[in-house]
Every structure is written in structure tokens, then in C-alpha cells.
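These notes are about the structure you will find just below.
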Amino acid sequence: MRQTYQIPSHRLAQRALDELARDLNDPAWCPEMNTLGRTLGRWRTQIANWHRSLVTNGPTEAVNNLAKLIKRNAFGLTNFDRYRIRALLYAGRSDWTLLNTLTPT
């Protein structure tokens, strides 16, 4: 699957994904692999479109995942300023000199 991203052409990537999806749908494989094959078949266009733009939404998904993690760990934190401080601390590479400017109410 990862080698698909090394293919230089959008059209060749689509063909490779089609072949991989077809191969993974073989009943000889375990059900999880069959599911992966069906998923690759459904998302074929979106995966192959990476070859046109060379852009991914991975960083955005990482930030969304971090925000959801913070919210889960906050146990109903309703004060936005405190939520912001917690998000900055979780994000890492915090500028501790700014911490005094973030005064929770």
C-alpha cells in the first residue's frame, strides 16, 4: 500500500490500487484483509488524487485528534481560557514565557 505513493503517475496509481483491492478481496485472505480491499476500492479515487496535488490532510487530522483528546481528558472543562492553556500544553513546544499572559478566569 505504501509503495502506491511512490508511483509517479495518477493513472498508474489508480491501476495499482485497483489491483491491490482486487487481490485483497480474495476469499483466501482473512476477513480483515477483505475489508481493507473493499475500503481501498471505495477510496481509490481519493487516494490516487494525492498524485495530482501531493497534498494530504494528515496535519489537519492530527490537530483535530489532539483537540478531541484534550476535550476527552478535560472532563467537561467549560472555561475556554483553561481549555486553551491545556491545548497549548498538550501541543508541545510551549513558550513558557507566554504562560503568564494566559490567565484563566
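Quick note: residue numbers are just sequence positions, from 1.
Minimum heavy-atom separation, Ile7 to Ala13: CG2-N, 3.8 Å. Gly37 approaches Ala21 most closely through the heavy-atom pair O-CB, 3.3 Å. Between His10 and Ala48 the shortest heavy-atom distance is CD2-O, 2.9 Å.
How far OG1 of Thr56 is from CG of Asn49: 12.0 Å, rounded to the nearest 0.5 Å. Between the CD atom of Gln14 and the OG atom of Ser9 there is a distance of 8.5 Å, given to the nearest 0.5 Å. With values rounded to the nearest 0.5 angstrom, Gln46 atom CD is found 11.0 Å from Asn57 atom CG. Between the CH2 atom in Trp43 and the CG atom in Leu17 there is a gap of 13.0 Å [rounded to 0.5 Å]. The line from CD of Gln6 to NE2 of His51 is 8.0 Å long, rounded to the nearest 0.5 Å. Between atom CG of residue Asp26 and atom CG of residue Asn34 there is a gap of 7.5 Å, rounded to the nearest 0.5 Å.
Sequence neighbours left out, the pairs with a member in residues 27-53 that pass salt bridge (Lys or Arg N to Asp or Glu O under 4.0 Å) are Asp18-Arg44.
Crowding of Trp29 atom CH2: a count of heavy atoms from other residues, nucleotides or ligands under 6.0 Å not exceeding 12. Residue-environment remark: CD (Gln3) stays at or below the threshold of 12 foreign heavy atoms within 6.0 Å.
Cluster membership check: Leu36 shares its hydrophobic cluster with Ile47, using side-chain heavy-atom separations under 4.5 Å among Ile, Leu, Val, Met, Phe, Trp and Tyr. There is a path of hydrophobic side-chain contacts, each under 4.5 Å, that joins Met33 to Leu20. Follow the hydrophobic side-chain contacts under 4.5 Å out from Leu40 and you reach Tyr5 in the same cluster.
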